[in-house]
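Notes follow the structure.
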There are 2 protein chains.
Amino acid sequence: MGPPAQERARDSLGSLVLQLHTLGGVASRAELTERLGCGRSAMGYLLGELRSRGLVSIDPAGGRTSSADGGRPSHSVLVADDAPTVVAAQLGVDSVTVARVGLGGKVHARVERSLRTRDTTDALDTLSELITELTAPKVLGVGLAVPSPVRRTDGYAAAALHLGWRGVPLRELLLERLPLPLALGNDANLAAMAEYRHGAGKGATQLLYLMTGHVGLGGAVVSEGRLFLGARGYAMEPGHLTVDPAGAPCPCGSTGCLEVEADHRGLLRAAGRTDHALHDVPEAVEEVFKEAVAGDPRCGAALDQAARHLGNGLASLINLADADRIVLGGTLGRLYSLRSRLVDERVTGRSFLNDGGEIPVLPGALPDSVLLGAAELALQPLLDDPKRVLDGLAR
Amino acid sequence: MGPPAQERARDSLGSLVLQLHTLGGVASRAELTERLGCGRSAMGYLLGELRSRGLVSIDPAGGRTSSADGGRPSHSVLVADDAPTVVAAQLGVDSVTVARVGLGGKVHARVERSLRTRDTTDALDTLSELITELTAPKVLGVGLAVPSPVRRTDGYAAAALHLGWRGVPLRELLLERLPLPLALGNDANLAAMAEYRHGAGKGATQLLYLMTGHVGLGGAVVSEGRLFLGARGYAMEPGHLTVDPAGAPCPCGSTGCLEVEADHRGLLRAAGRTDHALHDVPEAVEEVFKEAVAGDPRCGAALDQAARHLGNGLASLINLADADRIVLGGTLGRLYSLRSRLVDERVTGRSFLNDGGEIPVLPGALPDSVLLGAAELALQPLLDDPKRVLDGLAR
DNA sequence: CCAGTTTGTGCAGTAGCTGTACAAACTTAG
DNA sequence: CTAAGTTTGTACAGCTACTGCACAAACTGG
């Protein structure tokens with residue numbers, strides 16, 4: 001179809017693995033050749049390298065989909081059954097989720113456990129326990145998504161405010177318990193990457209992603225296939241963008257931050273439901289959505305207000321990021337599905353450079369985007385340099 | 001010194017040319033070898049390629065600076081005298097500047113001409129006239145800086161508002177007059193690139209740049225050596241960030257935009273000097289600065305206010321871009337030199353993730369940053385693929 | 001003058017391709 | 001059922017852009 005000018009890994013072998021990955025782990029050889037823009041003979045060489053290392057297998061009688069009108073049918077390339085996998089983990093406010101994920105985004109196993117306490121040690125113990133449980137032979141590494149900005153150099157979790165931590169050397173603490181390669185990332189960043197590679201962000205050149213998790217509002221930009229991380233890894237934290245100077249006070253010291261107006265706190269406050277324990281929040285939000293759909297005026301108005309604030313926040317961000325696609329994850333995606341007009345009103349034309357088409361806004365397409373994003377993080381070394389990773393595994 | 005993990009061109013030959021360029025066109029062979037991270041023997045091969053194409057020359061008895069304690073002294077690598085050059089042009093509100101620039105950033109010739117009318121055709125005629133005048137043999141191409149967002153795909157100038165144009169296919173119009181490769185860019189973007197490669201932004205991993213020209217306020221982010229352009233090329237237009245909801249009305253429809261509060265209009269308005277023809281603005285601004293330094297309270301207060309607005313704008317941007325350096329160009333640089341405390345007050349600690357050092361704010365270090373940036377744009381193909389460009393020239 | 005150090009160079013070897021020629025596997029026309 | 005036409009995989013030669021090694025060159029200090 002279109003030209004494959006999306007993203008380029010360091011070498012061809014890497015881009016090949018990436019293409020196979022974004023295509024879900026199965027693709028016809030001809031399709032891969034076209035996407036890489038190389039000759040058939042180079043593809044033969046590259047597939048030979050991958051096959052000899054056990055990453056892919058080839059089924060000569062695979063893709064008999066036959067869109068072609070004549071000609072020899074192309075072989076199917078698929079991720080090998082016994083190909084290496086990674087472990088993806090998500091640290092939430094009151095739960096931990098871990099999964100084993102293969103190239104192509106296939107989830108081989110998935111465990112979730114709720115945290116009874118909000119103690120750091122408890123969370124770390126549960127995490128390492130589940131990770132160890134899911135670790136199998138040929139696991140390349142672990143990716144962990146955290147609801148906090150994460151320093152790119154060393155995996156320091158700068159401010160997991162909602163977990164009550166004020167800065168934790170998370171990677172270091174976990175490495176004491178786990179003898180595996182471990183990479184950490186911010187949950188919104190990783191979810192954005194997952195949506196970019198497998199979900200609603202596919203094919204965008206500049207993807208702007210916003211999501212709300214349990215508490216707080218995170219964001220990310222994927223620019224030409226790569227996360228826009230910033231110098232330290234703290235870029236694109238839109239939670240404290242001011243959307244209403246006369247709005248509610250925010251723990252950060254300012255007032256009317258996007259985060260306190262459009263996340264779960266904002267919704268519940270606008271709906272007049274503030275008497276919830278923290279772990280009941282998802283249920284309370286669920287209730288507000290249900291009653292709004294059922295016709296409750298106060299809950300409906302709460303959605304209206306959150307949607308307007310979200311639209312205003314997006315309007316500010318659009319001119320800075322110049323996105324060609326916007327994806328909304330978590331509760332924001334649901335909010336948008338119900339109140340798209342209120343959001344669009346503020347996005348449309350607010351981009352002060354209106355040179356043609358509008359910017360499409362979409363709800364996230366992946367149910368487990370954060371967890372999948374953690375897998376993307378762990379898979380990254382394989383995409384960057386497949387040979388080194390695969391050969392290193394053998395040793 | 002530090003690891004050379006700054007930026008990577010597509011191939012080694014490109015990075016070599018880039019290194020030589022950022023080092024000002026002269027470097028010791030040993031230094032280049034270290035920065036590229038390759039062996040001495042590869043450097044020999046690479047330099048051979050460049051020398052055979054006439055781009056560099058080598059002086060065996062060059063850098064007798066001798067920091068070393070013993071050992072054979074390294075040869076000097078320098079841009080050849082007859083190496084190809086580029087033509088850089090800057091389209092201003094009431095003037096046009098054109099220069100011939102060589103690798104390393106050396107300006108060989110420079111012409112400036114003021115525009116009497118504000119007619120598009122007049123500007124284009126003057127531009128192509130001066131460019132033709134400065135075009136010499138072995139000119140690789142032309143780079144043009146425009147005070148407007150420029151669409152990356154085709155050089156369409158989306159909104160040179162201050163020139164009275166509402167969208168002009170500028171590249172197309174100029175190509176009718178000039179038979180040369182022509183690349184267009186936004187002036188602030190290009191200035192940022194110049195500061196990154198040759199000025200106050202050197203070595204930053206995430207550079208946030210803001211500047212004011214004649215009218216308006218532009219910005220850019222250089223992220224790991226590359227401009228953050230966005231999907232269309234309109235990213236990082238911070239002019240219409242709201243810094244004072246109760247502020248002055250902006251032509252964009254909003255109020256209190258950073259642009260109308262901190263650019264020349266804002267300064268003159270705050271100083272009570274609004275009766276100026278457009279081309280007198282620089283002189284009027286000059287006056288305000290002079291009188292403020294001399295002690296005039298109203299002019300001083302005008303600087304104070306602009307500095308505060310600038311600081312607030314920066315505070316919003318810092319959390320989004322996660323810059324490790326901020327450079328202020330044009331009048332903003334001067335404003336900062338005089339009112340750094342008022343700006344710093346708002347920048348310091350406003351980055352809600354205060355994990356250590358503050359972010360350095362610096363005034364721009366290049367007197368002709370926009371023009372030099374236009375040269376960077378024209379040189380880019382040479383940095384991306386030196387062989388193809390140099391061989392193509394011969395044909 | 002000699003050891004010690006850093007640097008340029010020649011040469012063999014390798015990785016990662018490209019291009020060409022050809023055989024294989026299909027479709028449709030006759 | 002065969003022949004022509006089309007697209008695809010593969011073998012092989014060749015090239016580019018390096019890396020590594022051995023060695024010579026150019027300095028310093030003793």
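Note on naming: letters A, B, ... go to the chains in the order of the sequence lines (proteins, then strands), and numbering restarts at 1 for each one. Keep in mind that the numbers below use all heavy atoms, side chains included, and drop hydrogens, waters and symmetry copies.
Rounding to the nearest 0.5 angstrom, the gap separating the CG atom in A:Asn189 from the CG atom in A:Leu377 is 10.0 Å. Taking CE from A:Met43 and CG from A:Leu36, the interatomic distance works out to 4.5 Å, rounded to the nearest 0.5 Å. Taking CG of A:Leu372 as the reference point, atom CG of A:Leu190 lies at 10.5 Å (rounded to 0.5 Å). We find the CG-OG distance between A:Leu20 and A:Ser15 to be 12.0 Å, quoted to the nearest 0.5 Å. Rounding to the nearest 0.5 angstrom, the gap separating the NZ atom in A:Lys106 from the CZ atom in A:Arg100 is 10.0 Å. Residue A:Arg171 holds its CZ atom at 10.0 Å from OG1 of A:Thr153, rounded to the nearest 0.5 Å.
The two residues B:Leu50 and B:Pro386 have their closest heavy-atom pair at CD2-CB, 4.4 Å.
The distance between atom CZ of A:Arg388 and atom P of C:dG16, rounded to the nearest whole Å, is 13 Å. When rounded to the nearest whole Å, the span between CG of A:Leu36 and P of C:dC17 equals 9 Å. Atom NE2 of B:His75 and atom P of C:dT6 are 17 Å apart (whole Å). B:Asp59 places its CG atom 14 Å from the C1' atom of C:dG8, with the value rounded to the nearest Å. Between the C1' atom of C:dA24 and the CZ atom of A:Arg29 lies a distance of 12 Å, rounded to the nearest Å.
The phosphate of C:dG16 (OP1 or OP2) has no side-chain N or O of A:Ser12 nearer than 4.0 angstrom.
Mapped onto DNA chain D by nearest heavy atom, B:Cys38 and A:Thr33 fall at different nucleotides, with A:Thr33 at the one closer to the 5' end. Residue order along DNA chain C, read from the 5' end via each residue's closest nucleotide, puts A:Leu13 first among A:Leu13 and A:Arg72.
Aromatic ring orientation, B:His198 versus B:His21: perpendicular (interplanar angle above 60°, classes split at 30° and 60°).
Among residues at least two apart or in separate chains, there is no ring-ring contact (aromatic ring centres under 6.0 Å, His included) pair with a member in residues 28-62 of chain B.
A heavy-atom distance below 4.0 Å to DNA chain D is reached by these residues of residues 40-54 of chain A, ordered by number: A:Arg40, A:Ser41.
For the helix from C:dC1-D:dG30 to C:dT14-D:dA17, the end axes, each set by the C1' atoms of five terminal pairs, are bent relative to each other by 10° (nearest 10°).
Closest to the side chain of B:Ala30, from the set C:dC17, D:dT8, C:dT7, is C:dT7.
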